[in-house]
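Note that these values count all heavy atoms, side chains included, but never hydrogens, waters or copies made by symmetry. In what follows, chains carry the letters A, B, and so on, assigned in the order in which the sequence lines appear, proteins first and then strands, with residues in each chain numbered from 1.
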Amino acid sequence: MKRRYQPGGVELKWQSVWASKDPFRSIPEARPKFYCLEMFPYPSGKIHMGHVRNYAIGDVIARYKRMRGYNVLHPMGWDAFGLPAENAAIKEKAHPARWTRDNIAHMKKQLTRLGLSYDWSREFATCEPAYYGWNQWFFLKMFEKGLAYRKASFVNWCPSCLTVLANEQVIDGRCWRCESVVVQKELEQWFLRITAYEEELLAALDGLSGWPEKVILMQKNWIGRSEGLQIAFAIEGSADEIPVFTTRADTLFGAKFICLASKHPLAERFLESNKAGLEKIREHYGKMEEKHGLFTGHYAINPVNGEKLPVYVANFVLMEYGTGAIMSVPAHDQRDFEFARKYDLPVKVVIRPTSTGVASTGGPPEPERAFEDDGVLVDSGPFSGLESRAARQKVAEYIESKGVGRRVVNYRLRDWGISRQRYWGTPIPIIYCERCGTVPVPEKDLPVVLPEEVRFTGTGGSPLVSADSFVNVSCPSCGGKARRETDTMDTFVDSSWYYVRYCSRRDEPALDRANISYYMPVDQYVGGVEHAVLHLLYSRFFMRVIRDLGLSSIAEPFQRLLTQGMVCMETIRCPQDGWLYPSEVADGRCVKCGSAIERGRTEKMSKSKRNIVDPDQLVQTYGADTARLFSLFAAPPERDLEWSEKGVEGAYRFLNRIFTFVYDNLETLTGAGAQPPSAIAGGKSACGLVPCGLVRGKTPPLVRKTHQTIMRVTRDIEREYHFNTAIAAMMELVNALTAFSPADPEDAWQMRFATEKMLLLLAPFCPHIARELWDAIGMTSDIQLETWPGYDEDAAREDQIELVVQINGKVRARLMVPPGLPDEDLKAMALSEPRIKEMLSAGSIKKVFTVKGKLVNIVAQ
RNA sequence: GCGAGAGUGGCGGAACUGGCAGACGCGCUGGACUUAGGAUCCAGUGGGGAAACCCGUGGGGGUUCAAAUCCCCCCCCUCGCACCA
């Protein structure tokens with residue numbers, strides 16, 4: 001009876017074996033380690049195709065490295081704190097803890113069903129006190145070192161949800177949840193002093209050779225270092241000064257006015273009599289629109305020429321950057337130019353383009369926009385004639401010598417505000433005492449456990465505020481009446497050090513120095529590019545804090561980073577019913593109303609566009625091996641992947657062909673002839689089971705193809721994890737294998753040889769079917785504990801190569817020649833080829849090029 | 001606006017340091033087996049042409065014996081940042 005490939009049965013069988021034997025557990029040992037990590041998921045309820053892709057990529061790497069002999073650490077867990085759990089509590093009346101626990105249970109089942117090789121002994125959820133207690137511990141340590149502090153600051157506040165929103169939760173100035181207009185509100189907030197490491201975080205980026213250039217660049221821009229000059233402008237008739245920051249000291253003679261941020265302390269003072277006017281400017285603060293300004297009635301003095309400059313308050317000047325005040329040079333800064341135009345302020349040209357000869361003639365033309373490039377200084381007193389770059393130096397020296405300023409370095413990076421007015425997060429371990437003030441919770445009292453018995457109203461902000469037994473405490477230092485901090489931490493704190501927690505098993509103490517030094521850094525991190533800045537920058541910051549606490553000697557947590565592309569799919573719309581799920585289409589028509597459907601563009605899979613594939617259904621229909629295979633085959637990992645049902649069927653067909661091939665040829669594969677001929681057996685070789693030596697003076701073609709395939713697959717994986725081409729190579733081998741029929745019963749061993757190698761190569765990609773067929777051909781070992789096959793370059797070499805003969809760069813003939821012939825011979829063979837001779841008979845040969853013994857180009861005429 | 005990446009058959013994608021463009025898969029065409037085929041197997045498949053050949057990697061120019069690949073200009077798409085002084 002013919003056996004059919006039924007992935008469900010095969011996969012469940014081996015998954016239960018893996019579940020009982022736990023073969024993916026890692027413990028520190030003498031072997032070199034390899035720490036492979038994928039970004040842990042938020043337990044939202046179900047996994048999506050993005051997870052499937054992410055975890056399939058990571059799993060192939062983990063399994064491959066295991067076969068290469070590494071002690072692989074491949075853990076998984078749950079990024080379990082966050083707002084959706086709280087929303088569910090309000091909407092569905094399920095407690096966030098229960099909602100999260102249920103989701104984790106379900107998603108863990110889904111991951112297991114994909115056959116992912118995790119070490120579950122290290123699993124944790126960040127919402128467990130045993131985990132988040134360490135968030136609190138880190139906070140206390142940072143508090144001690146002055147790296148955690150409290151200050152008032154402006155935050156995004158949703159007046160309807162009554163909570164702070166992270167910047168990324170504000171979309172076009174509105175709340176992502178309820179679409180209310182977000183307002184700026186001043187609140188006392190806890191901050192982590194990431195800026196203490198800004199210089200190091202920036203400098204170390206250049207050493208991250210295993211990271212995508214794109215991510216490094218995004219972090220550089222985010223840190224935003226810029227060198228410049230801080231200049232103090234005196235105020236006429238006042239002892240006050242206005243320090244400004246500029247990167248364009250060369251334009252100082254062109255300064256025509258000064259602008260203060262609307263929140264600048266001097267703005268407040270200068271406009272005491274016109275609070276309404278100031279308030280108007282503040283309403284437009286930081287908004288990308290028309291510029292608004294208000295004259296303060298005061299003048300500043302330009303230190304280089306004594307010129308009187310009116311002082312304005314302007315909406316476009318940010319308090320958070322530099323000094324909160326700028327010198328405005330309308331001729332050479334587009335923003336200042338627009339402002340000057342609107343308020344009829346003078347524009348003075350002090351920089352002329354170097355390249356144009358126009359500069360010398362006539363008076364200054366009235367410019368239409370600011371000239372922002374470097375050039376040559378004009379009308380700049382002693383600095384006239386200097387080139388911008390040199391002028392910046394000279395002006396800086398002059399300003400410093402006069403004692404009215406100094407060179408400074410400015411950063412865009414701000415300290416990390418971690419306070420959230422939410423329930424489902426890590427309580428900040430701080431107590432406010434009426435007598436002692438701000439008191440940290442003593443380490444021995446950690447963790448400060450989040451109380452479960454709270455009321456979710458959906459309107460009153462954090463339920464912690466009204467949890468009396470949580471809030472009312474006695475002061476740890478004086479024992480008096482005190483209140484607990486009710487804000488919780490940003491959930492990015494949780495994910496900033498989870499990779500360190502994995503270094504110790506669940507039942508071991510966290511932050512074990514020996515475990516950390518054995519496993520860290522993460523050798524390969526895999527995740528979405530959406531975390532390019534926040535999560536990855538916070539983690540780099542935390543790792544440095546961990547280092548400075550003496551827990552580790554390394555600073556960079558992630559040696560190599562792979563940012564996988566998005567999973568995309570075609571969108572389908574019905575003119576009547578809007579976006580349609582793929583299942584709502586039959587014969588190009590909407591199943592609801594029968595209208596012809598419209599095919600839209602291919603976009604990232606999303607529920608709202610309904611262009612999604614359910615992983616459960618996919619696995620149900622085709623099996624996990626097919627789901628993994630297609631995810632890896634359709635595109636290289638860093639690129640976007642276009643999902644296609646037809647493509648999935650192709651992957652399924654491939655596995656079917658392998659399956660039927662093995663069972664159809666079981667007798668040949670396991671019979672007496674499957675043993676390698678004794679004449680060639682016995683020696684040692686790169687490919688292990690069978691020596692790669694010659695058979696009757698030749699390498700049999702199938703054996704050669706096998707060696708070539710091992711070589712290609714190995715190189716494709718090693719070189720940037722190009723799984724798509726690795727899989728293509730395996731498909732070629734399978735094609736050769738199914739086309740092979742042993743002419744002689746003695747040749748059966750070749751089939752056996754190729755089959756074994758093929759299964760070993762397939763094992764990291766499709767572990768279930770590989771294991772099943774390994775078993776079927778009589779192997780008793782566990783394929784995933786086998787060694788990755790080696791190859792022999794000599795055995796992989798073709799014994800005939802195709803020599804391409806070109807005339808003037810165009811292919812005119814191909815001939816088969818033995819490899820390794822000297823160029824002279826190749827040239828002679830090419831020239832004596834009848835076809836070539838004939839074509840050359842009319843003209844004369846100018847030159848002949850030979851390339852790597854495989855191509856001859858004859859330049860003629 | 002600034003920065004980064006991409007543009008290759010009907011489609012997803014290959015092509016290591018410049019050296020045969022289109023591997024592999026999907027789709028399509030023809031055939032075989034079949035009561036049947038949306039299963040499986042075999043063959044073909046960039047475009048034009050009967051053929052010799054010609055044309056082809058977003059468009060235009062250039063370097064070179066030779067360009068998808070290197071240089072210049074332009075177009076388009078995707079992503080990131082966006083009044084950062």
Visitor: Between CG of A:Leu641 and CE of A:Met566, what distance do you get to the nearest 0.5 Å?
Guide: 11.0 Å

Visitor: Do the two ring centres, one from A:Phe630 and one from A:Tyr652, sit under 6.0 Å apart?
Guide: no

Visitor: Once you apply a heavy-atom cut-off of 4.0 Å, does A:Gly650 come out as touching a base, just sugar-phosphate, or nothing?
Guide: sugar-phosphate

Visitor: Which part of the nucleic acid does A:Lys646 contact within heavy-atom distance under 4.0 Å: base, sugar-phosphate only, or nothing?
Guide: sugar-phosphate

Visitor: Using a cut-off of 4.0 Å on non-hydrogen atoms, how would the nucleic acid contact of A:Glu320 be classed: base, sugar-phosphate, or nothing?
Guide: nothing

Visitor: Kindly check if the number of other-residue, nucleotide or ligand heavy atoms within 6.0 Å of NZ (A:Lys342) is above 12?
Guide: yes

Visitor: Rounded to whole angstroms, how far apart are CG on A:Leu737 and P on B:C41?
Guide: 14 Å

Visitor: Tell me what A:Val317 touches on the nucleic acid: a base, only sugar-phosphate, or nothing, going by heavy atoms under 4.0 Å.
Guide: base

Visitor: Mind checking salt bridge (charged side-chain N to carboxylate O under 4.0 Å, His left out) for A:Arg392 and listing every partner two or more places apart, or none if nothing turns up?
Guide: A:Asp250, A:Asp374

Visitor: Under 4.0 Å between any heavy atoms, over every strand shown, what does A:Arg225 touch: base, sugar-phosphate, or nothing? Just pick one.
Guide: nothing

Visitor: Enumerate the side chain to side chain donor-acceptor pair (under 3.5 Å) contacts for residues 324-333 of chain A, please, sequence neighbours excluded, ordered by first and then second residue.
Guide: A:Ser328-A:Asp336, A:Asp333-A:Arg335

Visitor: Would you indicate which nucleotide in B:G80, B:G3, B:A23 comes nearest to any side-chain atom of A:Leu217?
Guide: B:G3

Visitor: Could you tell me whether the phosphate oxygens of B:G27, OP1 or OP2, come under 4.0 Å of any side-chain nitrogen or oxygen in A:Arg653?
Guide: yes

Visitor: Taking N or O atoms only and anything under 3.5 Å, show me the protein contacts with nucleotides 11-18 of chain B, one pair per line.
Guide:
| residue | atom | partner | partner atom | Å |
| --- | --- | --- | --- | --- |
| B:G12 | O2' | A:Ala634 | O | 3.0 |
| B:G13 | O3' | A:Asn724 | ND2 | 3.4 |
| B:A14 | OP1 | A:Asn724 | ND2 | 3.1 |

Visitor: Mind telling me if B:G9 is syn or anti? Syn here is a glycosidic angle within 90° of 0.
Guide: syn

Visitor: To the nearest Å, how far apart are A:Leu413 CG and B:C81 P?
Guide: 15 Å

Visitor: Among B:A85, B:G80, B:G19, find the nucleotide with the atom closest to the side chain of A:Gln806.
Guide: B:G19

Visitor: Just how far, in rounded Å, is P of B:G25 from CE of A:Met730?
Guide: 13 Å

Visitor: What is the distance from NZ of A:Lys846 to P of B:A66, rounded to the nearest Å?
Guide: 12 Å

Visitor: Looking at A:Tyr285, I'd like to know if the NZ or CZ of A:Lys263 sits under 6.0 Å from its six-membered ring centre while staying within 45 degrees of the ring's axis.
Guide: yes

Visitor: If you check the A:Leu318 side chain, which of B:C20, B:C65, B:A85 turns out closest?
Guide: B:A85

Visitor: Would you say A:Asn656 reaches B:A39's phosphate, i.e. side-chain N/O to OP1/OP2 under 4.0 Å?
Guide: no

Visitor: Judged by each residue's nearest nucleotide on RNA chain B, which is more toward the 5′ side, A:Arg412 or A:Met731?
Guide: A:Met731

Visitor: Give the nucleotide from the list B:C65, B:C24, B:A85 with an atom nearest to the side chain of A:Thr247.
Guide: B:A85

Visitor: Report the C-alpha distance between A:Glu798 and A:Gln708 in whole Å, list the side-chain angles of each, state the deciding distance to 0.1 Å, and finish with yes or no for side chain to side chain donor-acceptor pair (under 3.5 Å).
Guide: CA-CA 9 Å; A:Glu798 295 288 349; A:Gln708 289 171 345; 2.8 Å; yes

Visitor: Quick one: stems for RNA chain B, with Watson-Crick or G-U pairs under 3.5 Å, at least three in a row?
Guide: B:1-5 with B:77-81, B:10-12 with B:24-26, B:27-32 with B:40-45, B:46-48 with B:53-55, B:58-62 with B:70-74

Visitor: Toward the 5' end of RNA chain B, which comes first, A:Thr246 or A:Ala728, by nearest nucleotide?
Guide: A:Ala728

Visitor: Establish, from distance only, whether the side-chain atoms of A:Glu645 and A:Tyr622 form a donor-acceptor pair under 3.5 Å.
Guide: yes

Visitor: How are the rings of A:Tyr663 and A:Phe659 set to each other: parallel, tilted or perpendicular (split at 30° and 60°)?
Guide: tilted

Visitor: Whole Å only: how far is the CG atom of A:Asn808 from the C1' atom of B:A66?
Guide: 10 Å

Visitor: Sequence neighbours left out, what passes side chain to side chain contact (heavy atoms under 4.5 Å, CB included) with A:Arg414? Give chain and number order.
Guide: A:Glu320

Visitor: Report the distance from atom CZ of A:Arg657 to atom P of B:C24, rounded to the nearest whole Å.
Guide: 11 Å

Visitor: Rounded to the nearest 0.5 Å, what separates atom NE2 in A:His284 from atom NZ in A:Lys291?
Guide: 13.0 Å

Visitor: If you measure from the P atom in B:C73 to the same atom in B:C81, how many Å do you get, rounded?
Guide: 28 Å

Visitor: Which part of the nucleic acid does A:Ser226 contact within heavy-atom distance under 4.0 Å: base, sugar-phosphate only, or nothing?
Guide: sugar-phosphate

Visitor: Quick one: which of B:C26, B:C20, B:C65 gets closest to the side chain of A:Asn857?
Guide: B:C65

Visitor: Is the ring pair A:Tyr538/A:Trp416 parallel, tilted or perpendicular, if the boundaries are 30 and 60 degrees?
Guide: parallel

Visitor: How many whole angstroms separate atom CG of A:Asp333 from atom C1' of B:G1?
Guide: 13 Å

Visitor: Compute the centroid of each ring, for A:Tyr312 and then for A:Phe339, and state whether the two points are separated by less than 6.0 Å.
Guide: yes

Visitor: In whole angstrom, give the distance that lies between atom CD of A:Glu732 and atom C1' of B:A23.
Guide: 6 Å

Visitor: Please list each protein N or O that sits under 3.5 Å from an N or O in nucleotides 51-55 of chain B, with the distance.
Guide:
| residue | atom | partner | partner atom | Å |
| --- | --- | --- | --- | --- |
| B:C53 | OP1 | A:Arg835 | NH1 | 3.3 |
| B:C53 | OP1 | A:Arg835 | NH2 | 2.7 |
| B:C54 | OP1 | A:Arg812 | NH2 | 3.2 |
| B:C54 | OP2 | A:Arg812 | NH1 | 3.4 |
| B:C55 | OP2 | A:Lys810 | NZ | 3.4 |

Visitor: Is the closest side-chain donor-acceptor distance between A:Thr725 and A:Asp716 under 3.5 Å?
Guide: yes

Visitor: Would you mind classifying the nucleic acid contact of A:Asp336 as base, sugar-phosphate or nothing, using non-hydrogen atoms under 4.0 angstrom?
Guide: nothing

